[in-house]
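Report on one structure; see the data block that follows.
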Protein chains: 2
Amino acid sequence: MRLSKNLPQYKVVYEIIRKHISDGVYQKGDILPSENELCAVHQTTRPTIRKALDRLVHEGYIKKKQGKGSIVMGVPQGVGILSLSGTTSAVGQENLITEIIVKPEIRQWDTSNLAYPLLNNEEEFGCIYFERLRIMNKQPVFYDITMMPNINLRRFISRNLENKSLFNILRTMYDIEITGGEQRLMAILADKKIQEYLNVKEGHPILHINRKLETSREGFFLYSQVYCNSEKYAIFGTF
Amino acid sequence: MRLSKNLPQYKVVYEIIRKHISDGVYQKGDILPSENELCAVHQTTRPTIRKALDRLVHEGYIKKKQGKGSIVMGVPQGVGILSLSGTTSAVGQENLITEIIVKPEIRQWDTSNLAYPLLNNEEEFGCIYFERLRIMNKQPVFYDITMMPNINLRRFISRNLENKSLFNILRTMYDIEITGGEQRLMAILADKKIQEYLNVKEGHPILHINRKLETSREGFFLYSQVYCNSEKYAIFGTF
DNA sequence: TGAATTAACTTGTAAATACAAGTTTGGACG
DNA sequence: CGTCCAAACTTGTATTTACAAGTTAATTCA
């Protein structure tokens, strides 16, 4: 499965090792091949390998120890939504079911809940809007509201998002890569709608995450709001 | 102000540029000197400069653009508690007042709220325990409970933490550096005690952050729990 | 046998170099 | 005067080399 046209080598290596860990080739407590061995395997040099390992460290897959090696920590527990990855890759596709609540449609921007100001040209174009419910192990955990400017996304509203990664579609169909972003987290009380979808009682505390995602396409940002029932699945992060 | 004995060069450069940004030498929208210019200024080479800039990007101080340069974003808005820094350096010392609620004392471990299992030797030794209230702009925002094993920390309980950074004391007095850590975030309802200290009503949603911090001293971890009123100050992070 | 030392690993930091790719600027040419 | 294009920047990726510092294991010597 090729990911994209010209992925830099360190990302290729990163993806391979990452997959090996989530597939169980390397298990928790194992020690990865040394950096020099990885150089030989992947036909590259240490700085490249180290750049790949840096990412794995940052995302909690491995931990490094000088003089010893890279120790596999396993697939990060909890939900690593604080990282670059979307929900799908953060929790693993196995236990995640996505239910589309509001199919992608073009509508006006709803800036009421947005923590970030819109750019002029974004406001001119319409907004592609959809809502998704993420269910892990039969329990609803996330409620996603995604908004993105309707710029050069032909046929998007007719695509089927069910159990597919939004990021994957953007990358393969439109050649748009997520390159970074920022987010604000706060604790709120679930409103009626969220109560219903996340199956919680009135007055239940909810994690509200307001994100602005940056892409490889100049001036094209994704805005998303995630409501998370953190009772069962805490948000996890390493640093 | 020297920070530590032998800080690697890329960290020195990082600290300098970071200070320049928070001091306003470089302001929001400015473009940093090019990497080659920074090389000349700091008498080092691009890989070293880039490693310093990588950190600044990760913490939201700057944003880089190929072909253009490094654009200063300013001091990260909100509270960057998701990063490596402690609260003091994350929000700037100016507006932060720290009130000691429970002075450092040696007591048994209280594992009831701890999300991480204790190591054997940690349990054997006692626990240094203290509670602090962080007040920003006259509003209580954080309630910190910190626990750390009572191993080789002579005279710690008689030290004055008021308005001082815990990390600074550990680094200067005990030569202990924070090297990383992990955390879990969840939304909870404030209990009586938290309600009182954070000055919120019953049923108010609170961000609960459970952290385990790793240090340069082998096997020495800090455990801390932060209760945050995210109404005024959201938790902020870039990635 | 047992303890200390050494050698052979590991990762961490750093330099010097090269080229690719994106942006800006200014000059040549119509 | 305006347009196009090339040169001179910028950051991104990659290689090669070197040494420092921490860990492990084998070897040596008492």
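Numbers restart at 1 for each chain; the letters A, B, ... are given by sequence-line order, proteins then strands.
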Problem set entry | All salt bridge (Lys or Arg N to Asp or Glu O under 4.0 Å) counterparts of B/Lys64, not counting sequence neighbours | B/Glu35
For this session: Provide, to the nearest angstrom, the distance between the CD atom belonging to B/Gln66 and the C1' atom belonging to D/dT10.
Result: 9 Å
Exercise. Which nucleotide sits closest to the side chain of A/Asn36: C/dT10, D/dA14, D/dT11?
Worked result: C/dT10
Exercise. Any cation-pi pair here, A/Lys212 with A/Tyr223, using under 6.0 Å and within 45°?
Worked result: no
For this session: Quickly work out the A/Asp54 CG to C/dT11 C1' distance and round it to whole Å.
Result: 11 Å
Exercise. Does A/Gly67 or A/Lys11 map to a spot on DNA chain D nearer the 5' end, using the closest nucleotide for each?
Worked result: A/Lys11
Problem set entry | Partners passing side chain to side chain donor-acceptor pair (under 3.5 Å) against B/Gln66 (at least two apart in sequence or in another chain) | none
Problem set entry | Gap between atoms CD1 and C1', on B/Ile31 and D/dC9 respectively (whole Å) | 12 Å
Exercise. Which whole-number value in Å describes the distance from B/Lys63 NZ to C/dG22 C1'?
Worked result: 18 Å
Problem set entry | With sequence neighbours excluded, residues passing salt bridge (Lys or Arg N to Asp or Glu O under 4.0 Å) with B/Glu37 | none
Seminar exercise, completed: Between CG of B/Leu38 and P of C/dA15 the distance, given in whole Å, is 14 Å
Seminar exercise, completed: Residues of residues 42-52 of chain A with a heavy atom under 4.0 Å from any atom of DNA chain D, listed by number, are A/Thr44, A/Thr45, A/Arg46, A/Pro47, A/Thr48, A/Lys51
Exercise. In chain order, what residues pass the side chain to side chain donor-acceptor pair (under 3.5 Å) check against B/Asn36, with sequence neighbours excluded?
Worked result: none
Exercise. D/dT10 phosphate, OP1 or OP2: any side-chain N/O from B/Lys65 under 4.0 angstrom?
Worked result: no
For this session: Would you kindly give the CD1-to-P distance between B/Ile71 and C/dG22, to the nearest whole Å?
Result: 16 Å
Exercise. For A/Glu131, what residues pass the salt bridge (Lys or Arg N to Asp or Glu O under 4.0 Å) criterion, not counting sequence neighbours?
Worked result: A/Lys193
Problem set entry | Pair A/Tyr129-A/Ile145, side-chain contact (heavy atoms from CB on, under 4.5 Å): steps then yes or no | CA-CA 8 Å; A/Tyr129 182 102; A/Ile145 298 178; 3.6 Å; yes
For this session: Please report, rounded to the nearest Å, how far the P atom of D/dC9 is from the CD atom of B/Glu37.
Result: 10 Å
Problem set entry | Nearest-nucleotide pick for A/Lys68, side chain only, options being D/dT11, C/dT10, D/dT24 | D/dT24
Problem set entry | C/dT13 phosphate, OP1 or OP2, under 4.0 Å from B/Tyr10 side-chain N/O | yes
For this session: Find the distance B/Ile62:CD1 to D/dT10:C1' and express it as a whole number of Å.
Result: 14 Å
